[in-house]
Chemist: 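A single structure is presented below for examination.
Keep in mind that what you see is a predicted model, and the values were worked out from it rather than measured. Labels below follow one simple rule: chain letters A, B, ... track the order of the sequence lines, proteins then strands, and each chain is numbered from 1.
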Amino acid sequence: MKAWQEALLAWYRQNARLLPWRGEKDPYRILVSEVLLQQTRVEQAIPYYRRFLERFPTLKALREASLEEVLKVWQGAGYYRRAVNLHRLAQRVEELPPSFAELKGLPGLGPYTAAAVASIAFGERVAAVDGNVRRVLSRLFAQESPKEKELFALAQGLLPADVDPGTWNQALMELGAVVCLPKNPRCPNCPLAAFCQGKGDWGRYPLPRRRKAPEERLMALVLLGRKGVHLERLQGRFQGLYGVPLFPPEELSRREAAFGVRSFPLGEVRHALTHRRLLVEVRGALWPGEGEDPWKRPLPKLMEKVLRKALPLLAHEGVVSLPDAEAHGVKPL
DNA sequence: AATGCGGGGCC
DNA sequence: GGCCCAGCATT
């Protein structure tokens with residue numbers, strides 16, 4: 001084993017954060033943690049990890065739950081396909097297969113998550129390359145734009161013999177998460193500083209690829225019926241969750257005609273996604289249908305904003321219960 | 001290889 | 001406001 005590998009492992013033994021899934025043996029619980037951690041910071045994932053496992057403690061419990069129930073627990077965590085895929089996975093297999101190759105075929109498990117579960121839960125010697133590992137290795141070996149395949153081959157070759165692969169993978173990720181940071185890396189505190197070829201100008205490794213999120217204009221139509229708001233199951237973006245009709249502005253007249261209403265403006269809502277800046281004009285109308293209480297459904301954050309903007313309409317005749325809304329963090333204007 | 005998919009924290 | 005996060009699926 002090389003000196004830098006010893007240094008990393010020694011650092012990890014001393015500095016590993018105490019996280020709920022550290023030391024966990026149950027492969028299912030490790031899987032849940034890894035899926036929740038996809039593109040999600042540790043601090044954000046922890047409460048969902050606890051909530052999810054309290055409600056679905058085993059693969060069997062998850063399998064027997066309804067998708068909507070699963071989404072309700074996932075509400076707020078984002079990337080809702082992860083929840084859908086986890087639910088599908090539970091239907092697909094009785095138990096988690098103990099190998100990287102088999103795990104990688106399951107819904108929602110790509111190369112990273114399959115490798116993470118295989119190495120951490122089952123001890124398989126396979127490298128798990130996430131954004132942290134990519135950044136750490138890019139800097140350590142001064143690689144500006146390493147390709148994914150090369151990076152995996154490199155990481156695979158770096159797995160030390162006689163070290164638990166799950167521990168090694170986590171040590172590399174931990175370093176990236178708390179020392180080898182994207183913006184302000186703490187090189188003076190880094191156990192690998194003496195070995196790092198990219199330390200001088202860390203900004204080059206890896207080279208950031210920039211793109212700015214374009215703006216997208218949409219309209220949201222809040223229809224207030226006798227018993228509440230008209231909700232649809234959303235398609236595409238926010239798939240599986242619920243919300244009011246959301247569409248491009250040019251569809252307004254067609255939508256109004258379909259519902260038999262004339263709408264009026266309630267205000268604008270801005271919502272930033274990673275690759276889009278949404279500018280949503282919220283419109284409302286009284287509608288002869290029934291509708292329902294929206295706060296009982298899994299809603300994306302955008303729809304919470306839309307409904308908050310529509311609060312003056314919702315308060316109309318007290319059809320929608322404001323206490324329910326406030327329980328969801330919605331405050332009157 | 002590029003794009004869509006959430007939400008939150010940090011600068 | 002931009003950037004990034006223990007990525008995956010689709011094209």
Chemist: Need one value for A/G176: base, sugar-phosphate or nothing, where a base atom within 4.0 Å counts as base even if backbone is also close, heavy atoms only.
Modeler: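 Touches nothing.
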Chemist: With sequence neighbours excluded, tell me which residues meet ring pair (Phe, Tyr, Trp, His ring centres under 6.0 Å) with A/Y242.
Modeler: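 Checked A/Y242 against ring pair (Phe, Tyr, Trp, His ring centres under 6.0 Å); zero matches.
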Chemist: For A/F52, enumerate each residue passing the ring pair (Phe, Tyr, Trp, His ring centres under 6.0 Å) test, keeping only those at least two apart in sequence or located in another chain.
Modeler: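 Ring pair (Phe, Tyr, Trp, His ring centres under 6.0 Å) list for A/F52, sorted by chain: A/F56, A/W74.
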Chemist: Return the set of residues passing ring pair (Phe, Tyr, Trp, His ring centres under 6.0 Å) with A/W21 (not counting sequence neighbours), or none when no residue passes.
Modeler: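 With neighbours one apart ignored, the set is A/Y49.
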Chemist: Of the residues in residues 20-57 of chain A, which ones touch DNA chain B at a heavy-atom distance under 4.0 Å?
Modeler: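 Of all residues in residues 20-57 of chain A, the ones placing a heavy atom under 4.0 Å from DNA chain B are A/Q39, A/T40, A/R41, A/Q44.
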Chemist: Ignoring backbone atoms, establish whether A/R135 has a side-chain N or O less than 4.0 Å from OP1 or OP2 of C/dC5.
Modeler: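 Checking C/dC5 against A/R135, a side-chain N or O does come within under 4.0 Å of OP1 or OP2.
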Chemist: With ring-ring contact (aromatic ring centres under 6.0 Å, His included) as the rule and sequence neighbours excluded, what pairs involving residues 136-175 of chain A come up?
Modeler: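 ring-ring contact (aromatic ring centres under 6.0 Å, His included) check on residues 136-175 of chain A returns A/W4-A/W168.
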Chemist: Polar-atom pairs under 3.5 Å, protein N or O versus N or O of nucleotides 9-11 of chain C: list them with distances, or write none.
Modeler:
unit_1	atom_1	unit_2	atom_2	d
C/dA9	OP1	A/G108	N	2.5

Chemist: According to ring pair (Phe, Tyr, Trp, His ring centres under 6.0 Å), who are the partners of A/H230, at least two apart in sequence or on a separate chain?
Modeler: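 A/H230 satisfies ring pair (Phe, Tyr, Trp, His ring centres under 6.0 Å) with A/F259, A/W287 only.
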Chemist: Residues two or more places apart in sequence or in another chain: which of them pass side-chain hydrogen bond (donor to acceptor under 3.5 Å, both in side chains) with A/K60?
Modeler: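 side-chain hydrogen bond (donor to acceptor under 3.5 Å, both in side chains) check on A/K60 returns A/E64.
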Chemist: Give every residue pair that meets the ring-ring contact (aromatic ring centres under 6.0 Å, His included) criterion with at least one member in residues 93-131 of chain A, sequence neighbours excluded.
Modeler: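 The answer is none; no pair qualifies.
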Chemist: Could you check whether any side-chain heavy atom of A/P146 comes within less than 4.5 Å of a side-chain heavy atom of A/L154, counting everything from C-beta outward?
Modeler: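 Counting from C-beta outward, A/P146 and A/L154 never come under 4.5 Å.
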Chemist: Going by side-chain hydrogen bond (donor to acceptor under 3.5 Å, both in side chains), name the residues that satisfy it together with A/Y205, two or more places apart in sequence or in a different chain.
Modeler: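 side-chain hydrogen bond (donor to acceptor under 3.5 Å, both in side chains) list for A/Y205, sorted by chain: empty.
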Chemist: Name all residues meeting the side-chain hydrogen bond (donor to acceptor under 3.5 Å, both in side chains) criterion together with A/D164; count only those two or more places apart in sequence or in a different chain, and write none if there are none.
Modeler: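 By the side-chain hydrogen bond (donor to acceptor under 3.5 Å, both in side chains) rule, A/D164 matches A/T167.
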Chemist: Return the residues of residues 112-121 of chain A meeting this criterion: a heavy atom under 4.0 Å from some atom of DNA chain C. Order them by number, or give none.
Modeler: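 Heavy-atom contacts with DNA chain C come from A/Y112, A/T113.
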Chemist: When the P atoms of B/dT3 and C/dC4 are considered, how many whole Å apart are they?
Modeler: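 The same atom, P, in both gives a distance of 16 Å.
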